[in-house]
Amino acid sequence: MTTLLKCYKPLLPFQSRKMHIAAAVNSFRYYSRSRLRARCLSTIGNSKSTVDIKVVNGEGAETELRKQQLWLHNTMSKQKELFIPKVPGKVGMYVCGVTAYDLSHIGHARVYVSFDVLYRYLNYLGYEVKYIRNFTDVDDKIIARANELGEDPIKLSRRFCEEFHQDMTYLHCLPPSVEPRVSDHMPQIIDMIQQILDNGCAYRINGDVYFSVDKFPEYGTLSGRKLEDNRAGERVAVDTRKKHPADFALWKTAKAGEPFWESPWGPGRPGWHIECSAMSAAYLGYTFDIHGGGMDLVFPHHENEIAQSCAACRESNITYWIHNGFVNIDSQKMSKSLGNFFTIRQVIDLYHPLALRLFLIGTHYRSPINYTIEQIESASDRLFYIYQALYDCQILSTQHDEASLKDSIPAETANCINKFQDEVLSSISDDLHTPVALAAMSDPLKLINDLLHTRKGKKQALRIESIAALENTIRNVLAILGLVPASYAEALHELREKALKRAKLTDDQVHQKIAERDTARKNKDYDRSDVIRKDLAAVGIALMDSPEGTTWRPAFPLALEEEQVTVP
């Protein structure tokens, strides 16, 4: 590169955008009868990147159990690295957003749920995070779809941006700090292209501007691809005018009937890759901490971003490149051509949105995830179990005056809480290993159900205090994972409604079946009684008998279980 023009300063300085996960920052102040105290010393307001868990014994001596550090897998280095931000206490994160021309699919859901967990956890650790997630609203796909529907491309894209926002709300993804759109940032994009041209890393052809990959020797470092492997026609546009087959467009000359903007090279619009380089630099500067997206963006998108940004400014440096794995459908790659393409709306029409979120974080974010009916049913069943247990805790707790409760819990409960917190924080700090965190929830949930329902548990000393402490602990973890509903009662109702819809039944019809079964049992027609129970179980409606009568709850459909057994 020859001369180096100015490097962007961020349009916005770091602003204090406090993320309120109130449940996740409560200190634990419960005491066992032997005066063992569990304290979580993490708060959102601190400025350090560590979380300390300490136990205070009866003599007041504190013993540090572990000091949490966040490790993230860096695609650039191909290994896990200790997360150290460029500015202590502050994090700049850019995640590539959707090209808004249609409803988002579950592959998109996986990207933004994965980075929402990271966003929440960074906030939990006390960082002040500036999270940028863009919208691509100028693109070939948008123009093609707009022409197909007879709409203005920018208006069509704006409509699907709003649909995307609705999907993110359903999935409990927190809004980013800024959501820039390509159409609003043409001056920054044109300015960056001019810098790249002035630095000798691009060339003009009849109103088009191309990046010259030969001018950037480091090209291919992120993806591990060699330059000679980038043959035209394989994710690289074919154009015989280019100096190298791998050269890519920074600016495209205007075509009839397409939106365009004026530029020093004539009317046209930007290429796909330049937009993210320009917008990330505009809001975060050329050096920031985290750049993320799906694994499919490693090449060519992120590889090209690195080349462009470095060509525009030698100081360009992003410390951590983070990518999530693909979503497969029944062990096949998700594709419209294969007919196995599911939008977020299609899934949440039959399943609670947080069941989809639970399914997505039930696999490590970098591993491929296989979407099947069995997997989403299992996630839905698990979510109902969690919310039912916590709802029962709340109901029991409200029946007791809070002022009458003691500030202590039995050693068994304290140990369970400490172990759970330790496993959760250790796993999430280990490259966001959410499946381990979810699995760790089993022990405190089992203890809750023992205290709620077993004869021995109901007789335990400080039972209400234990139940309140356990519910609070689990709710804290659910907050970090983005799984806290507006209310447990509302979520349970919605889960039941979705189960009825999948079963193609109404609540009245289920209760009619329960009444028929009650009559059969009174008449000692146990065969008929069993048939009714089994028929309902086959479609995911489980009957629960108790001295107070029979109720129902959603469950994993027996028909699916039987199919799994018969498959060789």
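One is the number of the first residue; the rest follow in order along the sequence.
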May I have the step-by-step check of side-chain contact (heavy atoms from CB on, under 4.5 Å) for Leu483 and Ile361, ending in yes or no?
CA-CA 10 Å; Leu483 290 171; Ile361 65 176; 3.9 Å; yes
Do Thr221 and Ile306 pass the side-chain contact (heavy atoms from CB on, under 4.5 Å) test, and can you show the C-alpha distance, the side-chain angles, and the key distance before you say yes or no?
CA-CA 9 Å; Thr221 303; Ile306 293 170; over 6 Å; no
Show your reasoning for whether side-chain contact (heavy atoms from CB on, under 4.5 Å) applies to Ile290 and Phe83.
CA-CA 10 Å; Ile290 297 170; Phe83 179 71; 3.8 Å; yes
Please assess Tyr101 against Glu148 for the test side-chain contact (heavy atoms from CB on, under 4.5 Å), listing each intermediate value before the final yes or no.
CA-CA 11 Å; Tyr101 70 99; Glu148 176 188 329; over 6 Å; no
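Of the possible donor and acceptor atoms, one in the side chain of Asn74 sits under 3.5 Å from a partner among the backbone N and O of Thr319. Judged by distance alone, the side chain of Ser183 and the main-chain N or O of Asp137 form no donor-acceptor pair under 3.5 Å. Using a distance-only test at 3.5 Å, with no hydrogens or angles considered, no donor-acceptor pair links the side chain of Asn134 to the main chain of Val182. Between the side chain of Tyr131 and the backbone N or O of Val91 there is no donor-acceptor pair closer than 3.5 Å. Judged by distance alone, with hydrogens and angles left aside, the side-chain atoms of Lys90 form no donor-acceptor pair with the main-chain N or O of Lys130 at under 3.5 Å. Using modelled atom types, no side-chain atom of Arg181 and backbone atom of Phe135 make a donor-acceptor pair closer than 3.5 Å. No side-chain donor-acceptor contact under 3.5 Å links Asp191 to the backbone of Pro187. The closest donor-acceptor contact from the side chain of Arg110 to the backbone of Phe326 lies under 3.5 Å. A donor-acceptor pair is defined here as one N or O able to donate and one able to accept, closer than 3.5 Å; no such pair exists between the side chain of Arg145 and the backbone of Glu151. A donor-acceptor contact shorter than 3.5 Å is absent between the side chain of Gln188 and the backbone of Ala278.
Between Asp247 and Lys215 there is no salt bridge, since no side-chain N of the basic residue sits under 4.0 Å from a carboxylate O of the acidic one. Remark: Arg345 engages Asp167 in a salt bridge, criterion side-chain N to carboxylate O under 4.0 Å. Looking at Lys141 and Asp102, no side-chain N of the basic residue comes within less than 4.0 Å of a carboxylate O on the acidic one, giving no salt bridge.
Ring centroids of His73 and Tyr365 are separated by 6.0 Å or more, keeping the two rings apart.
Paired with His108 under the rule side chain to side chain contact (heavy atoms under 4.5 Å, CB included), one option of Val98, Val327, Thr343, Leu103 passes, and it is Val98.
The shortest distance between side-chain heavy atoms of Gln308 and Ile196 falls below 4.5 Å. Here the side chains of Trp251 and Trp261 are in contact, with some heavy-atom distance below 4.5 Å. A 4.5 Å side-chain heavy-atom check between Ser280 and Ile132 finds every atom pair outside the cut-off. Counting heavy atoms from C-beta on, the side chains of Leu438 and Leu481 come closer than 4.5 Å. Side chains of Lys155 and Arg159 form no contact here, defined as non-hydrogen atoms less than 4.5 Å apart.
To the nearest 0.5 Å, the span separating CZ on Arg496 from CG on Leu492 amounts to 5.5 Å. In this structure, CD1 in Ile322 is found 4.5 Å from CG in Leu72, a value given to the nearest 0.5 Å. In this structure, the separation between CZ on Phe164 and OG1 on Thr169 is 10.0 Å, given to the nearest 0.5 Å. With values rounded to the nearest 0.5 angstrom, His302 atom NE2 is found 4.5 Å from His323 atom NE2. The structure places CE of Met334 at 11.0 Å from OH of Tyr371, a figure rounded to the nearest 0.5 Å. For the atom pair CZ (Phe359) and CD (Glu377), the distance works out to 12.5 Å, reported to the nearest 0.5 Å.
Between Pro153 and Ile142 the shortest heavy-atom distance is O-CG2, 3.5 Å. Contact detail for Asn324 and Ser114: the closest heavy-atom pair is CB-OG, 4.2 Å. In terms of heavy atoms, Ala246 sits closest to Val213 at O-CG1, 3.7 Å.
Taking the six-membered ring where the residue is Trp, Phe341 and His105 present perpendicular rings, their angle passing 60° and hence far from 30°.
Inspection of the Tyr387 and His352 side chains reveals no N or O donor paired with an N or O acceptor under 3.5 Å. With hydrogens and angles left out, the side-chain atoms of Asn304 and Tyr219 include a donor and acceptor closer than 3.5 Å. A donor-acceptor pair shorter than 3.5 Å can be found between the side chains of Ser429 and Tyr121. A donor atom on one side chain and an acceptor atom on the other are not found under 3.5 Å apart for Lys243 and Ser212. In the model, His301 has a side-chain atom that pairs as donor or acceptor with a side-chain atom of His273 under 3.5 Å. With no hydrogens or angles considered, a side-chain donor-acceptor pair links Glu275 and Thr136 at under 3.5 Å.
Annotation: cation-pi pair Arg225/Phe299 present, NZ/CZ under 6.0 Å from the ring centroid and within 45° of its normal. A cation-pi arrangement is absent between Arg133 and Phe115 under the rule of less than 6.0 angstrom and at most 45 degrees off the ring axis.
Taking a 6.0 Å sphere around NE2 of His493, one finds it holds 12 or fewer heavy atoms contributed by other residues, nucleotides or ligands. Taking a 6.0 Å sphere around CZ of Phe342, one finds it holds more than 12 heavy atoms contributed by other residues, nucleotides or ligands. Within a 6.0 Å sphere centred on NZ of Lys255, other residues, nucleotides and ligands contribute 12 heavy atoms or fewer. A 6.0 Å sphere centred on NZ of Lys78 holds more than 12 heavy atoms belonging to other residues, nucleotides or ligands.
Partners of Asp430 under the side chain to side chain donor-acceptor pair (under 3.5 Å) rule, at least two apart in sequence or in another chain, are Lys80.
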